Amino acid sequence: MALSIGARPLPRPLRVLGGRLLGALLIIGIGVLIGVQYMAPDKRVLAVMAAVIIAGIAWRLDTLTGLGLLILAIPYPRGTVFGSTNFAFILLLVLIWSLRVTQRLAPRPRGTPVDFAIAGFVAANIVSFYNVVDARTLGLALQNTILFAACLVVFYMIVSNVRTNADLARLHVFQAISIATICLLAVFELNHPGGSFIPGWIEFRNTVGTEFNTRNVRVGGPFFDFELLSEFTALSSLLLTFMILRTRSTYRRVALGLVLLLDIFVLFAAVTRGGIIALTVALAYLLYRVRRRVRIVPLTMIGASVAALAWIMNFYVSHFTRSGNVAARFGETHFIGLVPDDRLLAWKDGWNRFLEHPLIGHGPYYSIRTGTHVWYWPHNGYLYVANLFGLFGLTFYLVLLVLLLRLSSRGGDDLRDPSYSRAFLPIASAQIVLFVVDQVKIDYLRNPIYPFEVWIMCAMLVSAYQIAFPTRAGEPARVPAAA
């Protein structure tokens with residue numbers, strides 16, 4: 001007779017009961033933890049909870065959903081001993097993606113039509129280290145280089161995994177949710193200037209305002225920079241408008257419309273002229289792109305509605321909130337030749353500093369002090385790149401922008417094209433125009449969070465192009481299904 005070794009398995013009813021009991025205890029424990037953190041939030045506990053939840057979801061779901069969660073998490077990094085939580089999440093996604101690629105469960109990385117310009121920009125970054133002169137600057141330059149590398153990883157992960165129109169539309173939904181959270185946080189800042197949303201994590205100590213932050217408050221949101229937030233909301237308004245035009249669901253259209261109104265409200269609450277000017281130029285460019293499909297009467301009605309909405313929004317923001325009047329700031333603008341008076345010294349200093357190392361730049365960190373001389377911040381994206389990477393880096397940076405504009409210009413002029421990606425390309429082109437214009441007065445590389453948003457925008461553009469024109473992107477054309 002055979003001898004059975006080991007304990008007998010529990011009967012099925014007991015196993016089911018045990019599983020349910022364990023699940024109930026787990027839910028109760030999580031509820032108690034959430035309740036305690038709601039009453040007395042601890043930044044370390046909240047960071048760990050968020051990391052565990054995001055890691056678990058990223059592991060269980062597909063790579064595209066993981067990228068969507070990354071888009072939601074990027075504006076809210078938490079500093080740790082090993083770096084930002086954004087870096088940790090990106091490394092986690094890279095690891096998961098690599099495992100799935102080896103098991104043929106996910107697409108392999110693929111090239112893009114802008115690889116040459118990106119490679120040149122990377123080379124300029126590396127070569128510029130030659131002029132880094134001290135240990136402190138070297139450490140800060142390495143931090144900026146790691147940030148740049150992380151942005152490139154996000155760019156290529158999106159381009160490699162967004163393969164269909166449905167994928168692109170799906171990530172756009174995540175972007176819309178992210179826009180809503182960013183704008184809601186900016187509204188919180190407007191009502192609590194100088195306060196904190198989560199102590200030790202999201203704090204608004206550098207909120208700009210007058211009269212003890214009771215007037216002329218300029219919100220920066222999670223970027224803590226009102227100029228960058230203004231550019232972000234201007235770019236986001238184009239995407240949200242496109243999504244409203246494309247959706248067929250009434251509920252989704254209402255939800256997106258509310259997010260768009262919130263986005264425009266924050267655009268005016270940032271009280272920044274450059275973002276509004278750049279958005280106006282981008283809308284004019286978009287109107288030129290779709291001019292063949294424009295009818296005079298609807299265009300006149302839409303133009304009047306937009307002008308009325310802008311006036312109402314500025315009136316409400318300036319009279320019923322702590323923010324200022326952006327229209328009044330337009331009246332205060334003065335030019336010295338073609339240069340705004342508040343940029344004259346900054347651009348002059350940026351140019352003079354660039355001439356010290358015009359070919360390869362000073363390195364990936366902009367030091368405002370050289371010996372006893374204190375430099376003005378350049379407040380110009382192109383001067384900033386020229387100072388960091390010289391003419392070598394600036395050339396490849398401009399080539400990258402031109403290539404992105406050329407790729408997006410091939411999308412046609414129909415925002416209601418049956419192909420979602422082809423219809424999105426004119427919007428992506430307008431976003432690049434807006435970015436190019438607005439970078440004349442600000443520099444996106446001065447912030448550790450915002451560069452991710454810029455490279456995500458570029459990745460969406462390249463993904464849309466490669467979906468819309470697969471043969472031009474180096475992939476075989478898809479054979480249509482037989483009737």
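Only this structure's heavy atoms are used, side chains among them; waters, hydrogens and symmetry mates stay out. Values in this document were obtained by computation on a predicted structure and should not be read as measured data. We're numbering straight along the sequence, starting at 1.
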Asker: For the residue pair Ser128 and Asn125, what are the closest heavy atoms and their distance?
Answerer: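 The answer is OG-O, 2.7 Å.
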Asker: Looking at Ile368, I'd like to know if its CD1 atom is crowded, meaning that more than 12 non-hydrogen atoms belonging to other residues, nucleotides or ligands lie closer than 6.0 Å.
Answerer: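 Result for CD1/Ile368: open.
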Asker: Drop me the distance from Ser230's OG to Ile276's CD1, to the nearest 0.5 angstrom.
Answerer: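 If I round to the nearest 0.5 Å, the distance is 6.5 Å.
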Asker: Phe188: what forms a ring-ring contact (aromatic ring centres under 6.0 Å, His included) with it, not counting sequence neighbours?
Answerer: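 Expected list: His192, Phe197.
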Asker: Under 3.5 Å, side chain of Glu189 to main-chain N/O of Gly220, donor-acceptor pair present?
Answerer: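 Side chain of Glu189 to backbone of Gly220, a donor-acceptor pair under 3.5 Å: yes, one is there.
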Asker: List the steps and the verdict of side chain to side chain contact (heavy atoms under 4.5 Å, CB included) for Ser196 and Ile202.
Answerer: CA-CA 6 Å; Ser196 61; Ile202 304 176; over 6 Å; no
Asker: Can you see which heavy atom on Ile449 is nearest to which on Asn447, and at what distance?
Answerer: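 Of all heavy-atom pairs spanning Ile449 and Asn447, the closest is N-OD1, 2.8 Å.
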Asker: Applying ring pair (Phe, Tyr, Trp, His ring centres under 6.0 Å) to Phe121 and Phe389, what does each step give before you reach the verdict?
Answerer: CA-CA 8 Å; Phe121 199 47; Phe389 312 120; 5.3 Å; yes
Asker: When you look at Val114 and Val399, which way does the side chain to side chain contact (heavy atoms under 4.5 Å, CB included) test go after all the steps?
Answerer: CA-CA 9 Å; Val114 297; Val399 169; over 6 Å; no
Asker: Assign the ring pair Phe242 / His172 to parallel, tilted or perpendicular, where the plane angle (0 to 90°) is split at 30° and 60°.
Answerer: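 Geometry flag for His172 against Phe242: perpendicular rings.
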Asker: Is any side-chain heavy atom of Tyr365 less than 4.5 Å from a side-chain heavy atom of Leu138?
Answerer: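 Not in contact.
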Asker: For Asn387, does its backbone N or O pair with a side-chain atom of His362 as donor and acceptor, under 3.5 Å?
Answerer: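 Such a contact is found between His362 side chain and Asn387 backbone.
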Asker: Looking at side-chain heavy atoms only, is the closest gap between Leu235 and Leu279 below 4.5 Å?
Answerer: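 The answer is no, as the side chains (C-beta and beyond) never meet within the 4.5 Å cut-off.
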Asker: Consider only side-chain N and O atoms of Asp349 and Trp377, and report whether a donor and an acceptor are under 3.5 Å apart.
Answerer: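 Side chains of Asp349 and Trp377: no pair found under 3.5 Å.
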Asker: Please check: side-chain N/O of Thr272 versus main-chain N/O of Ala270, any donor-acceptor pairing under 3.5 Å?
Answerer: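 Checked: pair present.
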Asker: Can you see whether Tyr376 has Arg353 sitting over its ring - NZ or CZ less than 6.0 Å from the centre and within 45° of the normal?
Answerer: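 Checked: cation-pi criterion not met.
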Asker: Is the distance between the ring centroids of Tyr384 and Tyr444 under 6.0 Å?
Answerer: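 Judged by ring-centre distance (under 6.0 Å), Tyr444 and Tyr384 do not meet the cut-off.
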Asker: Can you check whether Asn380 reaches Asp443 side chain to side chain, under 4.5 Å on heavy atoms?
Answerer: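 A side-chain contact is absent here, since even the closest heavy-atom pair is not under 4.5 Å.
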Asker: Is Asn352 reaching over with its side chain to a backbone N or O of Lys348, donor-acceptor style, under 3.5 angstrom?
Answerer: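 Indeed, once roles are kept as given, a pair shorter than 3.5 Å links the two residues.
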Asker: Please walk me through it: do Ile118 and Trp455 pass side chain to side chain contact (heavy atoms under 4.5 Å, CB included)?
Answerer: CA-CA 11 Å; Ile118 292 177; Trp455 282 98; 4.0 Å; yes
Asker: At what distance, to the nearest 0.5 angstrom, does CZ of Phe232 lie from SG of Cys183?
Answerer: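 One finds 7.0 Å between CZ of Phe232 and SG of Cys183.
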Asker: Inspect the contact between Lys441 and Glu231 and indicate whether a charged nitrogen and a carboxylate oxygen are less than 4.0 angstrom apart.
Answerer: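 Between Lys441 and Glu231 there is no salt bridge, as every charged N stays at least 4.0 Å from the carboxylate O atoms.
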Asker: I want to check something: taking the side chain as every heavy atom from C-beta on, are Arg163 and Ile467 in contact at a cut-off of under 4.5 Å?
Answerer: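 The answer is no, as the side chains (C-beta and beyond) never meet within the 4.5 Å cut-off.
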Asker: Between the side chains of Arg108 and Ser160, does any donor sit under 3.5 Å from an acceptor?
Answerer: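 No.
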Asker: Are a donor atom and an acceptor atom from the side chains of Tyr420 and Arg246 found within less than 3.5 Å of each other?
Answerer: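 Distance-only check fails for Tyr420 and Arg246.
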Asker: Looking at CD1 of Ile179 and CG of Leu256, how far apart are the two atoms once the value is rounded to the nearest 0.5 Å?
Answerer: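 Result: 9.5 Å between the selected atoms.
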Asker: Which value, rounded to the nearest 0.5 Å, describes the distance between Leu388 atom CG and Asn131 atom CG?
Answerer: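 Leu388 CG to Asn131 CG: 11.5 Å, rounded to 0.5 Å.
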Asker: Restricting to non-hydrogen atoms, name the atom on Ala269 and the atom on Val317 that form the minimum distance, rounded to 0.1 Å.
Answerer: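 What the structure gives for the nearest pair is CA-CG1, 4.0 Å.
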Asker: Check whether any side-chain heavy atom of Phe174 lies under 4.5 Å from a side-chain heavy atom of Thr65, and answer yes or no.
Answerer: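 SC-SC contact between Phe174 and Thr65 confirmed.
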Asker: Using only atom types and a distance under 3.5 Å, with no angle test, would you say the side chain of Asp417 pairs donor to acceptor with the backbone of Arg422?
Answerer: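 No, the answer is negative, given that no donor and acceptor are paired below the 3.5 Å cut-off.
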Asker: Any side-chain heavy atom of Leu415 sitting closer than 4.5 Å to one from Pro426?
Answerer: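 SC-SC contact between Leu415 and Pro426 confirmed.
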Asker: I need the Ser408 OG to Leu461 CG distance, nearest 0.5 Å.
Answerer: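 Answer for the OG-CG pair, Ser408 versus Leu461, is 4.5 Å.
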Asker: Find out whether Asp167 and Asn161 are in side-chain contact, i.e. whether some heavy atom of one side chain is under 4.5 Å from a heavy atom of the other.
Answerer: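 Result no, sub-4.5 Å side-chain heavy-atom pair not found.
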Asker: Return the minimal non-hydrogen interatomic distance between Pro364 and Asn144, and the atom names on each side.
Answerer: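 Looks like O-ND2, 2.8 Å.
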Asker: Would you say the side-chain atoms of Asp115 and Tyr156 include a donor-acceptor pair closer than 3.5 Å?
Answerer: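 Looking only at side-chain atoms, Tyr156 and Asp115 do form a donor-acceptor pair, the distance falling under 3.5 Å.
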Asker: Is Ser98 reaching over with its side chain to a backbone N or O of Val94, donor-acceptor style, under 3.5 angstrom?
Answerer: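 Judged by distance alone, yes, a pair lies under 3.5 Å.
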Asker: Which is it for Ile456 and Ile74 under the side chain to side chain contact (heavy atoms under 4.5 Å, CB included) test, yes or no, and what are the steps along the way?
Answerer: CA-CA 11 Å; Ile456 289 172; Ile74 274 177; 3.9 Å; yes
Asker: Are side-chain N/O atoms of Ser323 and Arg218 paired as donor and acceptor at under 3.5 Å?
Answerer: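 No pair is found: no donor N or O on one side chain lies under 3.5 Å from an acceptor on the other.
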Asker: Which heavy atom of Ile432 sits nearest to which heavy atom of Leu405, and what is that distance?
Answerer: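 In this case the closest contact between Ile432 and Leu405 is CG2-CD1, 4.2 Å.
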Asker: Does some side-chain heavy atom of Leu445 sit less than 4.5 Å from a side-chain heavy atom of Phe148?
Answerer: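 No, side chains not in contact.
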Asker: What distance separates Tyr465 OH from Leu403 CG, expressed to the nearest 0.5 Å?
Answerer: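 So the gap between those two atoms works out to 10.5 Å.
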Asker: Are the charged groups of Asp225 and Arg446 less than 4.0 angstrom apart, N to O?
Answerer: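 Counted as a salt bridge, because a side-chain N and a carboxylate O are separated by less than 4.0 Å.
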Asker: Sub-3.5 Å donor-acceptor pair from the side chain of Trp347 to the main-chain atoms of Pro378, do we have one?
Answerer: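 Indeed, once roles are kept as given, a pair shorter than 3.5 Å links the two residues.
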Asker: Under a plain distance cut-off of 3.5 Å, with no hydrogens placed, do Asp263 and Thr233 share a side-chain donor-acceptor pair?
Answerer: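 No, no side-chain donor-acceptor contact under 3.5 Å.
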Asker: Does Thr181 use its side chain to pair, donor to acceptor, with the backbone of Ser178 at less than 3.5 Å?
Answerer: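 Yes, because the side chain of Thr181 sits within donor-acceptor range (under 3.5 Å) of the backbone of Ser178.
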Asker: Looking only at heavy atoms, what is the nearest atom pair of Leu355 and Pro358, with distance?
Answerer: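 Looking at all heavy atoms of both residues, the shortest contact is O-CD, 3.4 Å.
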